[in-house]
Every structure is written in structure tokens, then in C-alpha cells.
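One structure is given below, encoded as C-alpha cells.
Order of the sequence lines sets the chain letters (A, B, ...), proteins ahead of strands, with each chain counted from 1.
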Amino acid sequence: MEIPKTYDPKITEDKWYSHWLKHKFFKSVPDEREPYTIVIPPPNVTGVLHMGHMLNNTIQDVLIRRARMQGKNACWVPGTDHASIATEAKVVALLKEQGINKSDLTREEFLKHAFEWKEKYGGIILKQLEKLGASCDWDRTRFTMEEDLSEAVIDVFIDLYNKGQIYRGVRMVNWDPQGLTAVSDEEVQHKEVNSKLYYVKYKVEGSEDWITIATTRPETILGDTAVCVHPDDERYKHLHGKRCIVPMANRSIPIITDEYITMEFGTGALKVTPAHDINDYNLGVKHKLEVIDTIAADGKMSEAAKFYVGEDRFTVRKKIAKDLEEMGQIVKIEDIKNKVGYSERTNAVIEPKLSMQWFLKMDKISKPALENVLNEEIKLIPEKYVNTYKHWMENVHDWCISRQLWWGQRIPAWYDGKGNTVVCKTKDEAVQKLKGLNSEVKAEDIRQDEDVLDTWFSSWLWPISVFDGFKHPEGKDINYYYPTNDLVTAPEILFFWVARMIIAGYEYRGKKPFTNVYLTGIVRDKQGRKMSKSLGNSPDPIDLINQYGADGVRVGMLLCSPAGNDLPFDESMCEQGRNFSNKVWNAFRLIKGWETSSEKQSEANKIAVKWFDSKFNEQLEIINDLYSKYRMSEALMTTYKLVWDDFCAWYLEMIKPEFVDGKSLPIDKETYDATINFFEKILKILHPFMPFITEEIWHLIKERDEKDCIIIAEWPESGKTNDIVKHFDIVMEVITNIRNIRKQKNISPKEKLEVFEKVNQGEIIKTYDDIIIKLCNLSKFGYVTEKVDGAFSFVLKHAEFFVPLAQNIDIEAEKERLTKDLEYNKGFLKSVQVKLANEKFVANAKPELLENEKKKQADALAKIKAIEEQLSGLN
RNA sequence: GGGAGCUUAGCUCAGCUGGUUCAGAGCAUCUGCCUUACAAGCAGAGGGUCACUGGUUCGAACCCAGUAGUUCCCA
């Protein structure tokens, strides 16, 4: 059989993915085993896979696959989110392309289009997840707007309303004038921009005096209902209690005082526009100011503005500045930087706006969510996010849950047009209830609230609703899988989503929704910019998979992304991953090519097997520990080194049969079997990271039943380690030293060398000689009692090694090298002796430490003696 | 403006409760090798005043204070 020199992912990935599906290895149903559950952070139904998903889902898959191998009932629930504002925006844009305006459609017509669109493009992202190997239980795929989940959302709304946790009121909200909807605080991104600060003077009523205010938003002047100064501000004390005139609008407004004012900013006088700024709004409430709403929902000036009606607020900003200037009321204009809020979804500048919205009270309901993170009932990984979380939860505001959209769960509130409101599931119910309040009401006059609920108001129920925990609170699934184990998500949505799931978990199950929250970093480009569609700096993960293989990309991403750290993405990482796949592939090729003989196992092979067995156990323990701490990239790196360095570079080189007459000699059966066993173990620990290549080799290395797959193989047990690992560290050092001499003296690796060892202390251990001979290509490894003249040498521990060479030794160079070594060791000795001479050290240090220092002293003395001897031999 | 975090090799990061001459890993770099598993490889090597300043200590990358730079969160 001819095995290709390089691993080709293309011919294995689809094959094994469908094989796994065919045998339902991803499927999970409740049984006797311990469950291990992850619910996917549902991506937007219309989204496409980006690098963030790639990282996120790779981590989830690694966790799930390992748990599955550990014999747990692993269940990874996939699904998508209806993402109301993002999806609706996309559908609106698409319809526009087809010449259809949303405003010309009825709600039903629009939703029909939206569902068609969702059917057509929705779920592409789930197909893409298959490419990277995600082992989700696809039979459990859920969608936040499917019937059952929507029903849960509505029920929760009604329940919270009945509990008095939900209210409707006029509040200042973040208004997206493009999406024509309110958005939550978390959906507003603040960016620093260059703006202008306009100094405008207002005439003080009944005097020739002026008061100058500073504002970045002169277009809101038309809505001013006060000017505010700090009560202690000496500059304005004479104006307390007076009134002034709003320029252009010619309205008289009071000059009020409040300690909220920053005297240092601008002129220390603030124009107050309660309708268009949250702080002004609060001032307005406090001082009972009039509210004049001059900007309409679409961001254009309203009738109430009286001037510039129907023109966009940004156009008006320029116009009014010019007009005020002409009126002589602009004192000056400065350039400043300030922060402006943008809508995360549409990127429009957010307009603070007063409107009627639904809110969820957060103060009480969020308490358990804070407590249980602080007491580590729920762990955030890395821990540093606990601070941020705490800060947010302690200052949480009521959650504006209504959105002026159609795509989403419609708010189950009904109005009779006479000021009566009821909240219930169906219109029939509403009619009944409203009749009780108003016997005159006719069914046709009753209308349902036009708004839908915030998307997060459905996704906060996700860990419960995917297991039908609302429909069947005592169902088998919910009781078995909930609480889930790990949640893997981006820190950006810690508050949007994670915190709210925790809130809902305690409110509706009385239990946490998950135990560990693994927060991944943000994938950035080389320049450190966030990957985004608009910048076009994000590679298509599917392209990467085609180029490097899914395993390669998985390894590449995980190698350098510790939890919570941003990941500056570089394709070369995937290259490293691909190279690693190839390394594993070639180890397989080597082993697969061997023929076995009935010959007895050599001592050298016996040692090699014993060593690797021990080494594997030692490293596996470390790997398991790293997993338990969610240090995924370190677990991978440790695995990587175990495979590449210990297994390939050392172990295989030790046992590799010689090549004679163009043919490899056979290997003894015992060593061969041990090697296959090692290789299988290695494939197992690689499997969570590299599912495809390991499955492929698993089936090639041995005849197996098609159901005997590595995906369900048992995670290896870490057995005992023995002393051989420690001895071997020295053997390796000897080998490296000999290779180094060879390299420095420019001797071809093919030329055989002789090496002699002079043991100065302790017994002579010849066990490893054959291995040294093999790995250094020696003709002889001998022992001497006297030093060998005219040879290159080095000192390790209590032994000296000599490499006699035909070529002349550069005595001066050798002297220099040895002298350097001597100096180093003398320095070392001195540092140890200083420590030991320090009474306070001897008094305070732990006994083990002291012992160790004494041992170091003895070792250093021995080594110095040996080097000095060698040096004297050179003269 | 308020809060949190970060700063260790060219890059990405380890470095647990201060104690091996503690300064480490991978990648990248350099040198020599196409040695029949792998050049996507092998064998070697060189890289760092642990941001800066001061303090605590017998001893500091690690603890404390301040400074600078940087990131994030909140307003």
C-alpha cells in the first residue's frame, strides 16, 4: 500500500463527518451516565461563520469530545437566534432591492417575507459548523422563534407581568433612527469622534446681560427648557432666579441651579433639553421642566421644533450654527473630541428619545445572579471578569424589553383604546378580561401591542427552553441536562446574555443554568483591529479549512488563545496546525511500514518502551490538570510537545529499525505492539483537537469494525510513572552534547564516532548505552578510568565524556570554552555559598530548600573539579 | 470623568503560596543537513535590565506605592 507523504484533509473530513452522523455518535438521550452538557450560543439565524464562531465552537467541540471519551453522556445542543433587529434590517434591505418598502406591507405580509428569507438563508451557519467538525446533536437543533420557544417567551412575559416585575412607561431610551426602534443600553457603542463645541449666548430676560452656554448639539436648542449653572459658580450668582431667551425660538426659560453641573466644562452653563439627552431628562424631572420633543422618530426635526421641520438633525446642526452666527449669537466654535453612541446593529447615531416602552425591573430579580457568581457557584473563566460582572450587576438598570419591530415575539398586551391594558396570551382571553374592566368594549376595538420583545428576552431562556423546561417543567430532558456544565462565549455578551441567563435560571428553575463560563477572547487581525465585515479583514473560515484542513485550523486557533485573551489572528498559526497534522500522519506512515519479527526484544527497545510509557503517563496527568483548569491552549501545547518531541523525535528514533540494503529491518513484535498501543493513546488525546485525522488513522492503523471509532474510544488512564524519566533527562543531555560537538566540528551525521565516559562518582549505569550509540551514530561507547587526551570533552553531573577525533584540537578554543564553563560554575557555586553563609537564610528557609542548596553546592564542587582537571590536561 | 485589567525574547503567551544560575515554551530568526516517516522535515544555535522609579525582605518577574503606556467596562 502506498501512503501519500502528506496528509490530505479533503479526502477524510466529509467521509468521517458523515460516518459519525450515520452512527449517531453525536446523539444524546438521557441515561444512567453522568451528563455533560453545553448549549451553543445561538448564532444569528442569517449569519455566516466568522473567525469568532470558529474559535468559540472549536473550544466547545474540544470540551464535548473529551467528555464523550471520558464516558460521560455528552450533549451539545445547537441552534440559532432570530436576532430581531439584525434580521429585520437585512430583510428590509433585501425587500428594498426588490422595490418593496416595508411601510407598504402589512405585518403579516412582512413576516411572510421574513420567514421565507429565513428558510432560504437561515441555518447556513450550522452547515458551516459541520465543516469544522462540530459534534452537535443536530436532532436537538432549536430556533429562538420556533413555536415552543416563542410560547415560553410569551409565558415568561405574562408571568413576570403578573408578578409586577414588568411595567410600561415613558422613559428616555436609546433610539435608533434608522432601525426606528429602541435599543438597550448594551446595544449602544460609544465611539470617540471629532466634533465641534458651539458657544451660544442667550439673552437674559429684562436686562442687557447675556449668558453663554456650550453645546455640541445646537440643533437641540429649539427644545431647550432651561439653562442650568452650578449653585456655587461665582460667575453666575447674579443670574439665579432669572430667565433667559432661547435664540431663534424666542421662548423664555428659567435659569436653574444644580450641583450636577461641571463648572470646568465649557462655560459652566448648560442648556437643558429634557427631550434629547438623558442627563437633561433627569434634570428636567428633578426641576419639573417642560419637555419639548423637537426630533421625530426618523431623526428629522418635528413640528414642535417650529424651524427646519422635516430636515435631518445633522443638516440642521450645520444650518442652525450658520443662522445663529448670522444673528450674532455664536461666541466661538471649538474643536473637541467627544463620545457619541452608535447603534450596534445599524451603526446609526443613537438619539436619546422619550417613548413609551416596556421594562423589566432588574433590582430584585438580579440578586441571585450576582450572589452566585460572587460565591463561585458559577465560575467565570478567566476570573478577572468577576469584577466587571459585579460592577455591572450592582448598577443594573431596568431592562427596556420592547422593540419597535415585527420580527420577534409580539408583546402579549392588549388595549381597549380607553386606557385599559391587559396582558394575556390570546385575543379571546383579552376580550374577556377587558370586558371585565370596560363592559362597553367591542372585540374589534381591541388591539394588541405593536411591538415585539428584545431578542435577548428569548435567548435568556435558552438553556431552559432548549430542553422544553417551560413546556414540561418536570420533563426528562430538563431534569437530566439542566444545569448544563460549560458555556463558551465572548466576553462582549457577558451582560447581554450570560447575566440574563443566570437571572432566568434562578427565576425559573431555582438553579444556575451552567457551572462554568469560559470567556474567549476576541479574534483580531494582525494590526489588532477587531475582525469585521465592514473592514473586510476577516478571512473566511471555510477557505482556511480548505487550505489547511479543519484540524489544522482548529489547532492553529487554539494554540495561542488562552481564555479571555484576544487573539491576533495570523494565518501562519493555521500553517503550524497543518504541519502538525502532517507530523502525526508521517508517524503513522513510519509505523505502518514496519514488519514484525519473532526476534526477542532488545534491551534498548525495552528501555525505550518503558521510558515512553512513563513519559506519557506523566504528561497525561499534566494535560488532564490543564483541562480541569480550562487552560485549553496549554493542554494543546503539552499534547503537541508530547507527540512531536517525546514520541516522534525521541521514542520513534530510538526504536526505529535500521535500514539495510534499501529495506527496513523488521521490528520485534513486542516493541511493535507497544508502539501501536502508544500511538493509539496519542491519537486519543489528540482527538478532541484534531478529530478528523485521528479518526482516519485510527481506522488505518488496525483492522476495525466500522463502529469502533475513536470518537467514542475511552480517554486513556494515566498510569504510574517511574524513575526512568529522570535518568533519561541526563541521557538526553549526553546525546545533545555529542550531537553538538559533531555539529560544531562539522562532522557529517553519517560518520560514526567513538565516545568514552569517565565516571567520577557513583556507579556506572550501562543501560542506556545502546540508545546513545543509536541516536548519536556511534561506533563505540566505552568507559575509561583516566581522561582521554586529545579529545573533545564535556562534563555532566559526576561524569566526563570524551570524543576523540582525528582532526586536531584547537587547544586555545577548548581552553576558552572550558574556562567559560568553569567561570559559570564558580559563579553558581558562589551564589549558593553566599546563601548558605547567610544566617538569616539558614534560619528562615524551609528545610527542603536548605537541603537542596547543600546538594547544589556539592554538585557544583564536583563539576568544578572535573573541569579543572580537563583544563590541566590541555596544557 | 469613574472602575477593572494588562506591560516578560521579533510575535503569541507560561511563570501556582516570594527561594534551583529563574528568566521559560511555541512560532519566527540564524547555521548545517534533500540521513528512504515527514524540507509542511532533521540536528544545533543565538535572542530578554521581566515597562519605569522607589520601597518591604536574608532574598523580588512575583508583595507595596507612584509614574508612563495600553486594553476593556461604565457614565
When the nearest nucleotide of RNA chain B is assigned to Thr6(A) and to Lys750(A) on a heavy-atom basis, which residue is associated with the more 5' position?
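This one resolves to Lys750(A).
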
Between Leu652(A) and Glu634(A), name the one whose nearest nucleotide on RNA chain B is closer to the 5' end.
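So the residue in question is Glu634(A).
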
Touch check for [X], heavy atoms < 4.0 angstrom, all strands: base, sugar-phosphate only, or nothing?
{"X": "Glu492(A)", "result": "nothing"}
{"X": "Arg742(A)", "result": "nothing"}
{"X": "Trp644(A)", "result": "sugar-phosphate"}

Are any of the side-chain nitrogens in [X] or [Y] under 4.0 Å away from the carboxylate oxygens of its partner?
{"X": "Glu751(A)", "Y": "Lys745(A)", "result": "no"}
{"X": "Lys629(A)", "Y": "Asp625(A)", "result": "yes"}
{"X": "Lys656(A)", "Y": "Glu653(A)", "result": "yes"}
{"X": "Asp258(A)", "Y": "Lys286(A)", "result": "yes"}

If the [atom1] atom of [N] is compared with that of [M], how far apart are they to the nearest Å?
{"N": "rC16(B)", "M": "rC62(B)", "atom1": "P", "value": "11 Å"}
{"N": "rC22(B)", "M": "rU29(B)", "atom1": "P", "value": "29 Å"}
{"N": "rA65(B)", "M": "rA4(B)", "atom1": "P", "value": "12 Å"}
{"N": "rC11(B)", "M": "rG48(B)", "atom1": "P", "value": "13 Å"}
{"N": "rU20(B)", "M": "rA39(B)", "atom1": "P", "value": "42 Å"}
{"N": "rA40(B)", "M": "rC30(B)", "atom1": "P", "value": "15 Å"}
{"N": "rU7(B)", "M": "rC13(B)", "atom1": "C1'", "value": "13 Å"}
{"N": "rA75(B)", "M": "rC50(B)", "atom1": "P", "value": "40 Å"}

Fit a plane to each ring of [X] and [Y], take the angle between them on a 0 to 90° scale, and name the class: parallel (under 30°), tilted (30 to 60°) or perpendicular (over 60°).
{"X": "Phe580(A)", "Y": "Tyr640(A)", "value": "tilted"}
{"X": "Trp497(A)", "Y": "Trp456(A)", "value": "tilted"}
{"X": "Phe801(A)", "Y": "Phe794(A)", "value": "parallel"}

Looking at [X], does any N or O in its side chain come under 4.0 Å of the phosphate oxygens OP1/OP2 on [N]?
{"X": "Tyr640(A)", "N": "rC27(B)", "answer": "yes"}
{"X": "His391(A)", "N": "rG2(B)", "answer": "no"}
{"X": "Lys656(A)", "N": "rA37(B)", "answer": "yes"}
{"X": "Arg631(A)", "N": "rG15(B)", "answer": "yes"}

Would you check, one step at a time, whether the test ring-ring contact (aromatic ring centres under 6.0 Å, His included) holds for Phe647(A) with Phe679(A)?
CA-CA 9 Å; Phe647(A) 186 69; Phe679(A) 198 44; 5.7 Å; yes

Does [N] have a Watson-Crick or wobble partner in any strand here, with both distances under 3.5 angstrom, and which is it?
{"N": "rU7(B)", "result": "rA68(B)"}
{"N": "rU17(B)", "result": "none"}
{"N": "rC34(B)", "result": "none"}
{"N": "rG46(B)", "result": "none"}

Nucleotide [N], atom [atom2] - distance to [atom1] of [X] in whole Å:
{"X": "Glu658(A)", "N": "rU36(B)", "atom1": "CD", "atom2": "P", "value": "14 Å"}
{"X": "Asn777(A)", "N": "rC33(B)", "atom1": "CG", "atom2": "P", "value": "17 Å"}
{"X": "Glu853(A)", "N": "rC22(B)", "atom1": "CD", "atom2": "P", "value": "11 Å"}
{"X": "Leu829(A)", "N": "rU21(B)", "atom1": "CG", "atom2": "C1'", "value": "12 Å"}
{"X": "Leu753(A)", "N": "rA43(B)", "atom1": "CG", "atom2": "C1'", "value": "14 Å"}
{"X": "Lys390(A)", "N": "rC74(B)", "atom1": "NZ", "atom2": "P", "value": "17 Å"}
{"X": "Asp570(A)", "N": "rC13(B)", "atom1": "CG", "atom2": "P", "value": "12 Å"}
{"X": "Asn586(A)", "N": "rC42(B)", "atom1": "CG", "atom2": "P", "value": "10 Å"}

What are the atom names and distances for every N/O pair under 3.5 Å that joins the protein to nucleotides 44-48 of chain B?
unit_1: rG44(B); atom_1: OP1; unit_2: Arg739(A); atom_2: NH1; d: 3.4
unit_1: rG44(B); atom_1: O2'; unit_2: Asn740(A); atom_2: OD1; d: 3.2

Whether [X] side chain and [Y] backbone form a donor-acceptor pair below 3.5 Å:
{"X": "Asn56(A)", "Y": "Gly52(A)", "answer": "no"}
{"X": "Arg739(A)", "Y": "Val734(A)", "answer": "no"}
{"X": "Arg589(A)", "Y": "Thr6(A)", "answer": "no"}
{"X": "Ser779(A)", "Y": "Lys752(A)", "answer": "no"}

What form does the base of rU36(B) take, syn (within 90° of 0) or anti?
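In terms of base orientation relative to the sugar, rU36(B) is anti.
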
What form does the base of rG66(B) take, syn (within 90° of 0) or anti?
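Base orientation: anti.
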
Candidate nucleotides [options], ranked by approach to the side chain of [X] - the nearest:
{"X": "Met637(A)", "options": "rA25(B), rG41(B), rC58(B)", "value": "rA25(B)"}
{"X": "Asp645(A)", "options": "rG26(B), rA75(B), rG41(B)", "value": "rG26(B)"}
{"X": "Phe841(A)", "options": "rA37(B), rC73(B), rC58(B)", "value": "rC58(B)"}
{"X": "Asn579(A)", "options": "rA75(B), rA40(B), rU21(B)", "value": "rA40(B)"}

What N/O pairs connect the protein and nucleotides 4-12 of chain B at under 3.5 Å? Give each pair on its own line.
unit_1: rA4(B); atom_1: O3'; unit_2: Asn387(A); atom_2: ND2; d: 3.3

Do Lys583(A) side-chain and rC38(B) base share a donor-acceptor contact under 3.5 Å?
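Side chain to base: pair present.
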
Gln576(A) (side chain) and rA28(B) (base): donor-acceptor pair under 3.5 Å
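When only heavy-atom distances are counted, Gln576(A) does not reach the base of rA28(B) through any donor-acceptor pair under 3.5 Å.
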
For the student: nearest non-hydrogen atoms of Asp551(A) and Ile693(A), plus distance:
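Shortest heavy-atom contact: OD2-N, 2.8 Å.
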
